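Following: one structure in structure tokens, then a few remarks.
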Amino acid sequence: MTNKTLIIGASGGIGRAIVKRYADNGDEVIAVSRSGATDDSWPNTVTAKAMTEHNETNIAAFVDELKSQGTTLNNVVVTTGMLQNDELGVKPEKRLEDMNESALSSYFAVNSIIPALWLKHLVNVMDKNHSTVVCLSARVGSISDNGFGGWYGYRASKAALNMLVKTASIEYKRRVKNAMLVCYHPGTVDTGLSKSFQKNVAAKKLFTPEFTADQLFTHVSKLDRDQICHFIDWDGEVVTW
């Protein structure tokens, strides 16, 4: 039976590569993005859909449509995230005085709240026999691994995402049975999100989107499904919460 996979944030650098990786596996992929753009590298098993994924009304309507069609999903990857936004004046803080209410609200809206709303609605269309939901997180969202400080909004919003995913995994297990949720740290990927910070990254640790997609696909498929929630990195190593 062909797996049905949903990629959220499919127009981003990582999102496009993940769409292709799952499609190349033979999955029927739904690629959701604000633009609904397609990619020449995607096979014809990909269905691109335009929607404002940062809106609960649209999320609910989209999931309700899937449910009305009898569509159940085996895999979901939520790739949406924000590290810096010049238009909104959002950038990682270096000290306490750099924090401001507007930037913190933006961080939590994109990195925490929107993935949580997807988790809220997707539970109704996940395949009860075998389903996996992956949210792109970040190692800097680990509370126990924080030895450098700074980046208050980004760290906190990713830590919140991790807690939301962990908490949701308990309810997913009750309602979907064979469900597994994953927080995934992709490393530093050569995309617009990390562009301003790449100069501090060793060349061998700056990954292409294609490498990132392949690592995610490979490591997630090998995880112990008896453990309902995981936090791992691009190398398949456990990241402490």
Side-chain angles (χ1 to χ4, degrees), residues 6-10 12-15 18 32-34 52-56 59 63 73 75-85 88 90-93 99 101-123 126 131-146 148-173 176 179-189 191 193-194 197 212-213 215-216 219-220 223 227-234 237-241:
L6 171 66
I7 309 300
I8 299 161
I14 294 177
I18 292 176
V32 170
S33 66
R34 278 172 287 182
T52 303
E53 67 266 37
H54 293 183
N55 179 295
E56 185 174 8
I59 293 171
V63 174
L73 300 171
N75 304 295
V76 176
V77 183
V78 183
T79 74
T80 54
M82 180 179 68
L83 175 57
Q84 179 169 314
N85 187 310
L88 298 177
V90 176
K91 61 181 179 180
E93 310 91 344
M99 281 194 290
E101 181 179 355
S102 176
L104 288 171
S105 295
S106 296
Y107 272 126
F108 277 89
V110 176
N111 294 337
S112 314
I113 295 172
I114 294 305
L117 294 175
W118 276 104
L119 289 170
K120 168 186 173 180
H121 292 281
L122 285 169
V123 71
M126 300 306 298
S131 60
T132 303
V133 181
V134 181
C135 292
L136 293 195
S137 185
R139 187 183 298 278
V140 296
S142 166
I143 294 174
S144 59
D145 191 58
N146 183 357
F148 295 99
W151 291 33
Y152 288 90
Y154 189 71
R155 285 184 184 276
S157 61
K158 288 297 188 179
L161 170 65
N162 294 342
M163 178 59 82
L164 289 162
V165 172
K166 172 64 175 176
T167 305
S169 71
I170 298 168
E171 187 167 352
Y172 264 66
K173 187 64 175 179
V176 186
M180 180 178 70
L181 274 60
V182 181
C183 295
Y184 188 84
H185 168 61
T188 304
V189 186
T191 65
L193 182 143
S194 67
F197 308 93
T212 301
Q215 292 294 101
L216 182 152
H219 290 306
V220 169
L223 289 174
Q227 181 178 328
I228 60 175
C229 191
H230 297 263
F231 186 11
I232 63 170
D233 70 6
W234 61 271
E237 297 297 320
V238 172
V239 182
T240 57
W241 299 98

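From a predicted model like this one, the values you see are computed outputs, not experimental measurements.
- Here the side chains of I170 and I228 are in contact, with some heavy-atom distance below 4.5 Å.
- Between atom CG of residue L88 and atom OH of residue Y107 there is a gap of 10.5 Å, rounded to the nearest 0.5 Å.
- Of the inter-residue distances, the one linking R155 atom CZ with N111 atom CG reads 13.5 Å to the nearest 0.5 angstrom.
- For the atom pair SG (C229) and CG (L181), the distance works out to 6.0 Å, reported to the nearest 0.5 Å.
- With contacts defined as side-chain heavy-atom distances shorter than 4.5 Å, the pair V134/V78 does not qualify.
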- L6 vs L122, side chain to side chain contact (heavy atoms under 4.5 Å, CB included): CA-CA, chis, key distance, verdict: CA-CA 10 Å; L6 171 66; L122 285 169; 3.8 Å; yes
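- Here the side chains of V239 and D145 are not in contact, with every heavy-atom distance at 4.5 Å or above.
- At least one donor-acceptor pair under 3.5 Å links the side chain of T79 to the backbone N or O of I8.
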- Message: If you apply the rule side chain to side chain contact (heavy atoms under 4.5 Å, CB included), what do you find for N55 with I114, and how did you get there?
- Response: CA-CA 8 Å; N55 179 295; I114 294 305; over 6 Å; no
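- For L161 against L136, the heavy-atom pair with the smallest separation is CD2-O, 3.6 Å.
- For the atom pair K158 NZ and S137 OG, the distance stands at 5.5 Å (nearest 0.5 Å).
- Here CG of L164 is found 7.5 Å from CG of L119. Values are rounded to the nearest 0.5 Å.
- T212 and Y184 make their closest contact through O-OH, 4.4 Å (heavy atoms, listed as atom of the first residue, atom of the second, distance).
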- Task: Under the side chain to side chain contact (heavy atoms under 4.5 Å, CB included) rule, what do W118 and V63 come out as? Steps first, then yes or no, please.
- Result: CA-CA 9 Å; W118 276 104; V63 174; 4.3 Å; yes
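- The minimum heavy-atom distance linking F231 with A138 is given by the pair CZ-O, 3.6 Å.
- Between the side chains of S112 and S157, no donor-acceptor pair of N or O atoms lies under 3.5 Å.
- In this structure, W151 and K91 have side chains that are not in contact, with every pair of non-hydrogen atoms separated by 4.5 Å or more.
- How far OG of S131 is from CE of M180: 9.0 Å, rounded to the nearest 0.5 Å.
- In this structure the side chain of V133 never reaches within 4.5 angstrom of the side chain of V77, judged on heavy atoms.
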- Task: Starting from the C-alpha separation in whole Å, work towards a yes-or-no answer on side chain to side chain contact (heavy atoms under 4.5 Å, CB included) for H219 and I232.
- Result: CA-CA 9 Å; H219 290 306; I232 63 170; 4.0 Å; yes
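- For I143, the CD1 atom counts as loosely surrounded, since its 6.0 Å shell holds 12 or fewer non-hydrogen atoms of other residues, nucleotides or ligands.
- More than 12 non-hydrogen atoms from other residues, nucleotides or ligands lie less than 6.0 angstrom from CD of Q227.
- Considering only residues two or more places apart in sequence or on other chains, K166 meets the salt bridge (Lys or Arg N to Asp or Glu O under 4.0 Å) condition with none of them.
- The backbone N or O of Y152 lies less than 3.5 Å from a partner atom in the side chain of E93, making a donor-acceptor pair.
- When all heavy atoms of T132 and V182 are compared, the pair lying nearest together is CG2-CG2, 4.4 Å.
- No side-chain heavy atom of S106 sits under 4.5 Å from any side-chain heavy atom of N85.
- Between V140 and N146 there is no side-chain heavy-atom pair separated by less than 4.5 Å.
- More than 12 heavy atoms of other residues, nucleotides or ligands shown are found within 6.0 angstrom of CZ on R139.
- Looking only at side-chain heavy atoms (C-beta outward), V32 and I7 stay at 4.5 Å or farther from each other.
- Of all heavy-atom pairs between V165 and C135, the closest is CG2-SG, 3.9 Å.
- Residues I59 and H121 come closest through the heavy atom pair CG2-CD2, 3.8 Å.
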